[in-house]
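Data first, discussion second: the structure below is written as structure tokens.
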Amino acid sequence: GENVEQHPSTLSVQEGDSAVIKCTYSDSASNYFPWYKQELGKGPQLIIDIRSNVGEKKDQRIAVTLNKTAKHFSLHITETQPEDSAVYFCAASTGFQKLVFGTGTRLLVSP
Amino acid sequence: SAVISQKPSRDICQRGTSLTIQCQVDSQVTMMFWYRQQPGQSLTLIATANQGSEATYESGFVIDKFPISRPNLTFSTLTVSNMSPEDSSIYLCSVGKGLAASETQYFGPGTRLLVL
């Protein structure tokens with residue numbers, strides 16, 4: 001079955017810096033790759049997603065890139081703010097909307 | 001998007017007992033799912049809740065332990081049966097509005113369960 005690896009497990013940056021989180025997947029048939037942000041005590045919140053027919057997608061300070069050949073995708077956050085501090089999960093869809101999640105990245109943005 | 005609520009938001013239960021978790025959506029949705037998130041861990045899909053038929057369980061999860069109901073297009077329940085401390089987790093429901101394989105999925109706030 002699908003396996004999603006996510007790196008790094010923790011990431012500390014200064015406010016204003018950029019943050020990059022990387023994920024790799026194993027199933028070449030996966031065609032949908034969402035990113036979720038989970039704050040303490042809350043459920044995961046979708047922040048951006050990308051489908052396999054697109055190589056890059058941007059939404060304000062957040063962007064996601066997808067390399068289907070290499071089977072990896074990345075989340076880029078620019079001009080980080082303390083409120084960006086949370087755990088971020090990547091996921092891949094293997095069909096029938098089933099999501100396989102990465103192990104998560106704890107992002108800490110220091111003022 | 002979809003507004004999803006879960007009840008209870010948290011509970012502390014004794015081993016050997018059962019807890020039923022409710023998931024309510026503010027609009028009709030096609031797909032509903034249940035996930036488990038063990039402490040400090042990632043999310044793992046338990047099952048797909050099918051409206052009007054038996055749920056579809058992932059490997060490692062069985063109906064006797066996690067019975068699921070979905071009586072209509074806006075509501076589902078997950079029961080955690082005969083609980084043990086290893087069942088202490090966050091249980092999350094999620095929904096997809098359409099049938100597309102790449103449909104966006106939205107999550108509820110979760111139910112935090114502690115089993116003593």
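We name chains A, B, ... by the order of the sequence lines, and we start the count at 1 in each one.
- Side-chain contact between Arg112(B) and Asp11(B) is absent, with no heavy-atom pair separated by less than 4.5 Å.
- Ring-centre distance between Phe73(A) and Phe33(A): below the 6.0 Å cut-off.
- Contacts between Gln6(A) and chain B at a heavy-atom distance below 4.5 Å are absent for every atom of the residue.
- Of the residues considered (Val87(A), Leu99(A), Leu46(A)), Leu99(A) shows the highest number of contacts with chain B, using heavy-atom pairs under 4.5 Å.
- At a 4.5 Å heavy-atom cutoff, Arg10(B) makes no contact with chain A through either its backbone or its side chain.
- Ring geometry for Tyr35(B) against Phe101(A) counts as perpendicular: the plane angle is over 60°, on a 0 to 90° scale with 30° as the lower cut.
- Of the listed residues (Gly41(A), Ala91(A), Ser52(A)), the greatest number of heavy-atom pairs within a distance under 4.5 Å of chain B belongs to Gly41(A).
- Under a hydrophobic-cluster definition in which Ile, Leu, Val, Met, Phe, Trp and Tyr are linked whenever side-chain heavy atoms come within less than 4.5 Å, directly or via other members, Met31(B) and Phe107(B) are assigned to the same cluster.
- With a 4.5 angstrom heavy-atom cutoff, Pro44(A) touches chain B via backbone and side-chain atoms both.
- Looking at heavy atoms from C-beta onward, Thr103(A) lies out of side-chain contact with Ser9(A) at the 4.5 angstrom threshold.
- Among the residues in residues 37-44 of chain B, those with a non-hydrogen atom closer than 4.5 angstrom to a non-hydrogen atom of chain A are Gln37(B), Gln41(B), Ser42(B), Leu43(B).
- Residues Val13(A) and Ser18(A) come closest through the heavy atom pair CG1-O, 3.9 Å.
- Ion pairing between Lys57(A) and Asp49(A) holds under the 4.0 Å rule for side-chain N and carboxylate O.
- A heavy-atom distance below 4.5 Å is found between the side chains of Tyr32(A) and Thr104(B).
- Counting heavy atoms from C-beta outward, Glu15(A) and Pro82(A) have side chains that approach closer than 4.5 Å.
- With respect to the salt-bridge test (charged N to carboxylate O, under 4.0 angstrom), the residues Glu56(A) and Lys58(A) do not qualify.
- Of residues 56-89 of chain B, those residues with a non-hydrogen atom less than 4.5 Å from any non-hydrogen atom of chain A are, in numerical order, Glu58(B).
- Residues Glu83(A) and Lys37(A) come closest through the heavy atom pair O-NZ, 2.9 Å.
- Note on Ile4(B) and Leu113(B): separate hydrophobic clusters, where clusters join Ile, Leu, Val, Met, Phe, Trp and Tyr whose side-chain heavy atoms are under 4.5 Å apart, directly or indirectly.
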